[in-house]
There are 2 protein chains.
Amino acid sequence: MRVLLVEDTTGLGEAVRDQISEDGHAVDWVQSLGFAETSVKTTTYNLILLDLMLPDGHGFDFLKKLRATGDATPVIILTARDQVSDRIAGLNAGADDYLVKPFDLSELSARVAAVARRYRGNPNPLVRIGDLEVDLGDHRISRNGQPVELTAREWALFEGFLQRPGILLSRSQLEDRLYEFGAEIESNTIEVYISRLRKKLGRDAIVTVRGMGYRLNSYDH
Amino acid sequence: MRVLLVEDTTGLGEAVRDQISEDGHAVDWVQSLGFAETSVKTTTYNLILLDLMLPDGHGFDFLKKLRATGDATPVIILTARDQVSDRIAGLNAGADDYLVKPFDLSELSARVAAVARRYRGNPNPLVRIGDLEVDLGDHRISRNGQPVELTAREWALFEGFLQRPGILLSRSQLEDRLYEFGAEIESNTIEVYISRLRKKLGRDAIVTVRGMGYRLNSYDH
DNA sequence: CCTCACCTGACAGCAGCCTGAACCGCTTAC
DNA sequence: GTAAGCGGTTCAGGCTGCTGTCAGGTGAGG
């Protein structure tokens, strides 16, 4: 697989390049958006690893421009910011996945491998929960074989439940997934999203634990 | 990660065990469904590798029983048969993934790693008291494997007993757990909640100490 | 046998939750 | 430039079932 790495930090760039090529992929490493743009014009990549803060601009601009040209190459965002707003904005901008620095190199390998598997036609392993099938790498869900479309925020919420089966997430934990840390929200946005997820994933997919929060229903629904 | 391997073929079992433990996971290897069932009762696993053809029954029976108790531990099925019907039956029975023998050990490692990644959050430790199993973090209780639902108030009371199993809690200490500090309560609310807890957790789960208070029964009930 | 502490079924009231609908801002299509 | 579409947020009205209270019952202790 051919991978384009866009990262201006030298140390991190080297580490990532070495890891990916050790995993058996070809890596082109550039350190600015300018070089990245010429690279994608001259070469076809199977995957782009994209840092956000770069000397000549923000990664999102590159990503949006790329998608505007109809290029659907998978993009994994590498960012130091753990800000939810960034994550959601990234997904909205057309990224396929994101890694928050500092990340484990094996974690990186795994995500890259997931893309490679898909590229070769082998689907990623699916998580099955009741009548749902979730492809974590691909951010795709199907219910009884029918694909289900989630918006970025809906996915951000839902993903939280997948960390561990049966996990109980309190209202404030869920808010932290959608908004800046500590952002107070006075309306019932969480309830509305839960309601929408239920409409899409099945009424019983998410169980209310009164006065405590919500949890994913791992049994049949 | 703690892995339960259920496989009766000695050669294959050893190979799998060695590979998984080389990957840095703790492996418990059993060779029959009977031993598997006692293992899952006494230990919490992050992953179960399950052969289908076993001396004392078919793996599906074990899997179905496991799911019926509400256990959502990821299960990867190992089987010699490559039949599509088996595959579908396995996924329907609640398996998360599937490996057809003979499989490459590196393929096994990859699938196990995928599960590890998916559930990288450590499971909460379980507290066992008599026939109860309590997950403090997720606020989950099961009694003889059956999940028990507690309301917020009931949980608040019960939690008080768990902090010091066997300790005697006076009525006023229990009231302090339910209400603002110093709130006076003249009715028999505590008694009512004790009664409700007993109905859900077993008549003998909480012992009355006349004139003094209540205490959790840490022995069998 | 009496007393008192404790137990528990029943119930009204309301906190917490659900959801349809409207609104706003942003993006896309023409 | 304008219209249409979509996602995100807020609000109001309705519903569910939790909570606290009471009353009558039970049983331990003397």
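Residue numbering restarts at 1 for every chain, and letters A, B, ... go by the order of the sequence lines.
Between Tyr214(A) and dG16(C) there is no side-chain polar atom (N or O) within less than 4.0 angstrom of OP1 or OP2. Close to dC14(C), at under 4.0 Å from its OP1 or OP2, lies no side-chain N or O of Arg210(A). For dC7(C), the OP1/OP2 oxygens have a side-chain nitrogen or oxygen of Thr208(B) closer than 4.0 Å. For the OP1/OP2 pair of dT19(D) and a distance below 4.0 Å, the side-chain nitrogens and oxygens of Thr151(B) include at least one atom meeting the criterion. Contact between the side-chain N/O atoms of Lys64(A) and the OP1/OP2 oxygens of dT27(C) is not found at any separation under 4.0 Å. Within the structure, every side-chain polar atom (N or O) of Ser195(B) is placed at least 4.0 Å from both OP1 and OP2 of dC6(C). One finds no side-chain N or O of Lys199(A) lying less than 4.0 angstrom from the OP1 or OP2 phosphate oxygen of dC18(C). One finds no side-chain N or O of Tyr193(B) lying less than 4.0 angstrom from the OP1 or OP2 phosphate oxygen of dT8(C).
The environment of CD in Glu149(B) is sparse: at most 12 heavy-atom neighbours from other residues, nucleotides or ligands sit within 6.0 Å.
Rounded to a whole Å, the CH2 atom of Trp155(A) is 16 Å from the P atom of dG7(D). Straight-line distance from the CG atom of Asn188(A) to the C1' atom of dC15(D): 15 Å, rounded to whole Å. In this entry the distance linking NZ of Lys200(B) with C1' of dT8(C) reads 15 Å, nearest Å. One interatomic measurement links the two molecules: CD1 of Ile206(A) to P of dC17(C), which rounds to 14 Å at whole-angstrom precision. Atom CD of Glu154(A) is separated from atom P of dT9(D) by 11 Å (rounded to the nearest Å). Atom CD of Glu191(A) is separated from atom P of dA15(C) by 15 Å (rounded to the nearest Å). The CE-P distance, from Met212(B) to dC6(C), rounds to 10 Å in whole Å. One atom, CG of Leu197(A), and another, C1' of dC18(C), lie 14 Å apart when rounded to the nearest Å.
Here the closest non-hydrogen pair linking Ala36(B) and Val6(B) is CB-CG2, 3.9 Å.
Partner of Glu191(B) under the salt bridge (Lys or Arg N to Asp or Glu O under 4.0 Å) criterion, chosen from Arg196(B), Arg171(B), Arg198(B): Arg171(B).
In this structure the side chain of Ile194(A) never reaches within 4.5 angstrom of the side chain of Thr208(A), judged on heavy atoms. Using a 4.5 Å cut-off on side-chain heavy atoms (C-beta onward), Leu50(A) and Ile76(A) make no contact.
In this structure, Arg196(A) reaches the bases: a heavy-atom distance under 4.0 Å links it to at least one base atom across the strands shown. Counting non-hydrogen atoms under 4.0 angstrom, Arg153(B) reaches the backbone sugars and phosphates but no base.
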